[in-house]
Amino acid sequence: VLASMASFYTEQQSLDVREGLSRRVQSGLFVTKPPFGFRNIRINGRSIIEINPESATVVRRAFELYASHNHTLDTLGAALLAEGALYCQSLPKFTRSKLHTLLTDRSYIGEVRYKGLWLPGTHEALVDRLTWDRVQKILGQGLYKSHQMIYASELIECGHCGCPITGEKMTKKVKDGQRDYTYYR
C-alpha cells in the first residue's frame with residue numbers, strides 16, 4: 001500500500017510540475033533561465049522577466065553590427081570586445097557559437113520557446129523585427145564562410161544541409177614544433 005501511494009504521489013507531482021510549466025509559458029514567461037540580455041527578478045514570490053541593461057545593450061549592438069556593418073561571426077566577436085562589450089567576466093569574448101545562438105534566438109523579438117514551439121512572450125523585445133529579419137537573411141545566405149579550401153570541386157555535398165564540403169587548414173602545436181592539419185566540413 002505504501003509503495004503504491006509513493007508511486008501515485010510521484011506521478012501526481014510530475015503532472016503538477018508539467019501543468020505549472022505550461023501555465024508559465026501560456027502567461028508568456030520563460031520556463032528556464034532567460035537568455036543573455038534578460039534576468040529573472042522576484043516580485044511578490046513570483047519570478048518575472050526584466051531586461052538586464054548592461055547585457056541588453058550588448059545584444060542590441062551585436063544585432064546592429066551584424067545587420068549593417070558587414071561583419072562575420074569572428075569579426076563581430078572581435079568588434080564587440082574592442083568596444084568593451086563582455087560576455088561575462090570569466091569569458092570576456094563571445095565565441096562564434098555563442099554569437100550564432102544569440103543572433104538566432106527568437107527571444108529577442110519577444111517570443112518564448114517551449115517544446116519546440118515559439119509562443120508570444122510578455123517580455124519586451126530587445127530587437128526590432130526589421131533588424132531581426134535582416135540578420136536572419138544574412139545568416140541564411142551563408143555569407144559567413146570560414147573554410148576556404150574546396151574539396152572535390154564542390155561535387156560532394158553535406159547530406160544534412162546540402163552545402164559543399166570544404167576544408168580548413170589548422171596549425172597546432174605538438175611536442176616537436178607545429179603541425180598542419182586539414183579538417184573537412
Side-chain angles (χ1 to χ4, degrees), residues 21 24-25 27-41 47-150 154 157-170 183-185:
L21 293 176
R24 185 166 171 83
V25 169
S27 65
L29 300 171
F30 293 106
V31 174
T32 59
K33 180 181 172 186
F36 184 79
F38 297 100
R39 63 181 172 199
N40 282 328
I41 59 167
S47 179
I48 305 294
I49 306 302
E50 77 171 10
I51 293 176
N52 183 347
E54 298 86 29
S55 56
T57 304
V58 175
V59 170
R60 288 183 183 114
R61 184 67 179 150
F63 272 91
E64 177 190 333
L65 286 172
Y66 196 79
S68 57
H69 289 84
N70 202 23
H71 279 284
T72 66
L73 293 177
D74 288 328
T75 62
L76 177 61
L80 288 171
L81 188 61
E83 291 181 2
L86 304 177
Y87 178 65
C88 65
Q89 292 298 328
S90 61
L91 181 67
K93 183 180 179 187
F94 282 87
T95 61
R96 186 185 314 171
S97 62
K98 291 283 184 202
L99 284 171
H100 187 269
T101 300
L102 184 135
L103 293 173
T104 57
D105 192 345
R106 296 180 68 89
S107 301
Y108 298 118
I109 56 172
E111 297 180 3
V112 176
R113 184 181 176 120
Y114 184 63
K115 292 188 176 181
L117 300 173
W118 287 97
L119 305 168
T122 57
H123 60 282
E124 183 182 340
L126 290 180
V127 179
D128 62 281
R129 188 62 186 223
L130 186 64
T131 305
W132 166 263
D133 289 340
R134 170 119 172 97
V135 166
Q136 300 317 302
K137 185 176 180 183
I138 292 170
L139 284 172
Q141 288 177 345
L143 294 178
Y144 171 69
K145 296 188 180 189
S146 66
H147 316 297
Q148 301 300 324
M149 296 173 40
I150 305 301
E154 295 188 359
E157 294 180 346
C158 173
H160 179 70
C161 67
C163 292
I165 302 295
T166 59
E168 178 180 20
K169 278 199 183 275
M170 300 288 290
Y183 295 97
Y184 292 97
R185 300 186 179 132

*Just say parallel, tilted or perpendicular for the rings of Phe63 and Tyr108, cut-offs at 30° and 60°.*
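It falls in the perpendicular class, over 60°.
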So which atom in [X] and which in [Y] form the shortest heavy-atom distance, rounded to 0.1 Å?
X: Thr72; Y: Thr75; value: N-OG1, 2.8 Å
X: Thr32; Y: Asn40; value: O-ND2, 4.4 Å
X: Ile51; Y: Arg60; value: CD1-NH2, 4.0 Å
X: Ala67; Y: Thr131; value: CB-CG2, 4.0 Å
X: Phe30; Y: Pro35; value: CZ-CD, 3.6 Å
X: Tyr66; Y: His71; value: CE1-O, 3.3 Å

Going by heavy atoms in the side chains, are [X] and [Y] under 4.5 Å from each other?
X: Ile109; Y: Leu126; value: no
X: Leu103; Y: Leu76; value: yes
X: Asn52; Y: Phe38; value: no
X: Ile41; Y: Ile49; value: no

Rounded to the nearest 0.5 Å, what's the gap from [atom1] on [X] to [atom2] on [Y]? Could you check?
X: Leu102; Y: Ser97; atom1: CG; atom2: OG; value: 11.0 Å
X: Arg39; Y: Ile48; atom1: CZ; atom2: CD1; value: 13.5 Å
X: Thr95; Y: Asp74; atom1: OG1; atom2: CG; value: 10.0 Å
X: Leu139; Y: Arg134; atom1: CG; atom2: CZ; value: 11.0 Å
X: Leu73; Y: His100; atom1: CG; atom2: NE2; value: 6.5 Å

*Side-chain donor-acceptor pair present, Asp105, Ser107, cut-off under 3.5 Å*: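 Yes, a side-chain donor-acceptor pair sits under 3.5 Å.
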*Evaluate the side-chain contact (heavy atoms from CB on, under 4.5 Å) criterion for residues Thr122 and Leu29: first the C-alpha distance (whole Å), next the side-chain angles of each, then the deciding distance (0.1 Å), finally the verdict.*
CA-CA 6 Å; Thr122 57; Leu29 300 171; 3.5 Å; yes
*asked:* Under a 4.0 Å threshold between the charged nitrogen and the carboxylate oxygen, would Arg129 count as salt-bridged to Asp133?
replied: yes
*Begin from the C-alpha positions of Val112 and His123 and carry the test side-chain contact (heavy atoms from CB on, under 4.5 Å) through to its verdict.*
CA-CA 9 Å; Val112 176; His123 60 282; 3.8 Å; yes
*May I have the step-by-step check of side-chain contact (heavy atoms from CB on, under 4.5 Å) for Leu119 and Val25, ending in yes or no?*
CA-CA 8 Å; Leu119 305 168; Val25 169; 3.1 Å; yes
_CA sep, side-chain torsions, deciding dist, call: Arg106, Trp132, side-chain contact (heavy atoms from CB on, under 4.5 Å)_ = CA-CA 9 Å; Arg106 296 180 68 89; Trp132 166 263; 3.6 Å; yes
*If you draw a 6.0 Å radius around CD in Glu124, do more than 12 non-hydrogen atoms from other residues or ligands fall strictly inside?*
no
_From CA spacing to verdict: ring-ring contact (aromatic ring centres under 6.0 Å, His included), Phe36, Tyr87_ = CA-CA 9 Å; Phe36 184 79; Tyr87 178 65; 5.3 Å; yes
